[in-house]
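Counting convention: from 1, in listed order, for ligands and their atoms alike.
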Amino acid sequence: MTLPVIDLRSDTVTLPTPEMRAAMADAAVGDDVFREDPAVNELQEVIADLLGKEAALFTPSGSMANQIALRTHCQQGDEFICESGCHVFNYEQGAFAQLSGLIPRTVDGKYGVLRLDQVQGLIRPDNEHLARTRLVTLENTHNRGGGKILPMESVKEVCGWAHENGLATHLDGARLFNAVVASKTAAKEWSQYFDTVSVCFSKGLGAPVGSALAGTKEMIAAAHRHRKMFGGGMRQAGIIAAGALFALRHQVDRLAEDHELARQIGSAVAEVPGLTLSPPPETNIVLFDLDMHLGTAAEFSARLEERGVLAMAFGPQQIRAVTHLNVSLAEGPRICDAIAACAEDAVSGRPASHVTSTYG
Ligand SMILES: *Cc1c(COP(=O)(O)O)cnc(C)c1O
């Protein structure tokens, strides 16, 4: 008997549960471009309230929510400060340049965390030779930082400094609810330091589609225009908003299980010579580096695949495994055994088959 494949490539692979599908089927809908979709309007109110903001806007994706935020805070030719490993800089095709004519100023953080002393001094003086520094954007939890929860103190300091100096602040909170559950700190506590916050419903929360951007009424009014321009004005979007509402109501607390499974996988990784956690998992992402003697990350992920576990090569020598709704805690031992066995295979020189992975 072949066991089912355990897919840890991303928390975006989660599937809607029968209960979520039922809620979606029952959603009251209307034309959201006319702002007449009851489910979308309800979702926007619920998420604005959770984040302690005046208003929110439903978007098709997290990338669009982030790009709308950048466009809302910045004008063509403006510069924004971000951490070098962040999603906005690395994984959105440089849309800030393509769509809005913006310049990134990247700063290397440790596991995605920026310290105040690293950003102080980066604001360019008012001088016609120079771009205007307008915005700081942070990411929490940090994907390339291995699901790191930003220390509240660093968020407070960096955002406080930004506001004192007239910069806007945006949070890419694609996985903010993982930070909320793991830190037992309300979403509002995290979002209070930011002018705008984006969140994803289609990651660990398990909804099929959708993200949101929250901020002041004025910012969200501007964001509405930008969403339409970027092609994100949707019509009877309540069908998908209902999935997001269901996720917010029923699938937030369970993220703790994903964190527990990630912790177990992390403990197994730490015991294998040649594998190093980068860093030990705090939420639902397990990121680890491979010593050269264990082969490349692409080979290692091919070995894992042979044993029924999918993970992503996240760099030449780095693997990412993400836990989520569709992988139960009961799968822990199988995942941990597969990782140990793949390392043994590599040491014994057994070749890996089908090395096809590309970096995430
Ligand atoms: C997934 C993700 C996004 C948004 O991704 P979409 O695929 O566009 O929804 C944004 N930021 C981070 C940190 C993410 O992990």
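Numbered from 1 in the order shown, with element, the atoms of ligand 1 that lie under 4.0 Å from a heavy atom of Glu139 read 13 (C). Every atom of ligand 1 with a heavy atom of Ser61 under 4.0 Å away is listed here by number and element: 8 (O), 9 (O).
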Q. Under the side chain to side chain donor-acceptor pair (under 3.5 Å) criterion, do His87 and Glu139 qualify, and how do the steps go?
A. CA-CA 8 Å; His87 196 279; Glu139 182 175 311; 5.9 Å; no
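Inclusion of Ser63 in the set of residues having an N or O under 3.5 Å from an N or O of ligand 1 is warranted. At least one N or O atom of Asp172, backbone or side chain, sits closer than 3.5 Å to an N or O atom of ligand 1.
With a 6.0 Å cutoff to the six-membered ring centre and a 45° limit on the axis angle, Arg144 counts as a cation-pi contact of Phe314.
Between Arg263 and Glu260 there is a salt bridge, with a side-chain nitrogen of the basic residue lying less than 4.0 Å from a carboxylate oxygen of the acidic one. With respect to Arg105 and Glu79, a salt bridge is recorded, a charged nitrogen being found less than 4.0 Å from a carboxylate O.
Of the heavy atoms in Met64, none comes closer than 4.0 Å to ligand 1. Contact annotation for Asn66 and ligand 1: only side-chain heavy atoms (C-beta onward) come within less than 4.0 Å of the ligand. At a heavy-atom distance under 4.0 Å, only side-chain atoms of Lys203, from C-beta outward, approach ligand 1. With a 4.0 Å cut-off on non-hydrogen atoms, Ala174 touches ligand 1 through its side chain and not its backbone.
Note that CD of Gln317 and CZ of Phe300 are 11.0 Å apart. Values are rounded to the nearest 0.5 Å. Between Thr137 atom OG1 and Leu167 atom CG the span is 12.0 Å, to the nearest 0.5 Å.
For the ligand labelled ligand 1, residue Arg175 lies inside the 4.0 Å heavy-atom shell.
Applying side chain to side chain donor-acceptor pair (under 3.5 Å) to Asn284 and the options Thr141, Asp258, Asp11, Thr323 leaves one that passes, Asp11.
Of the protein's non-hydrogen atoms, the one nearest atom 9 (O) of ligand 1 is Gly62 N, 2.8 Å.
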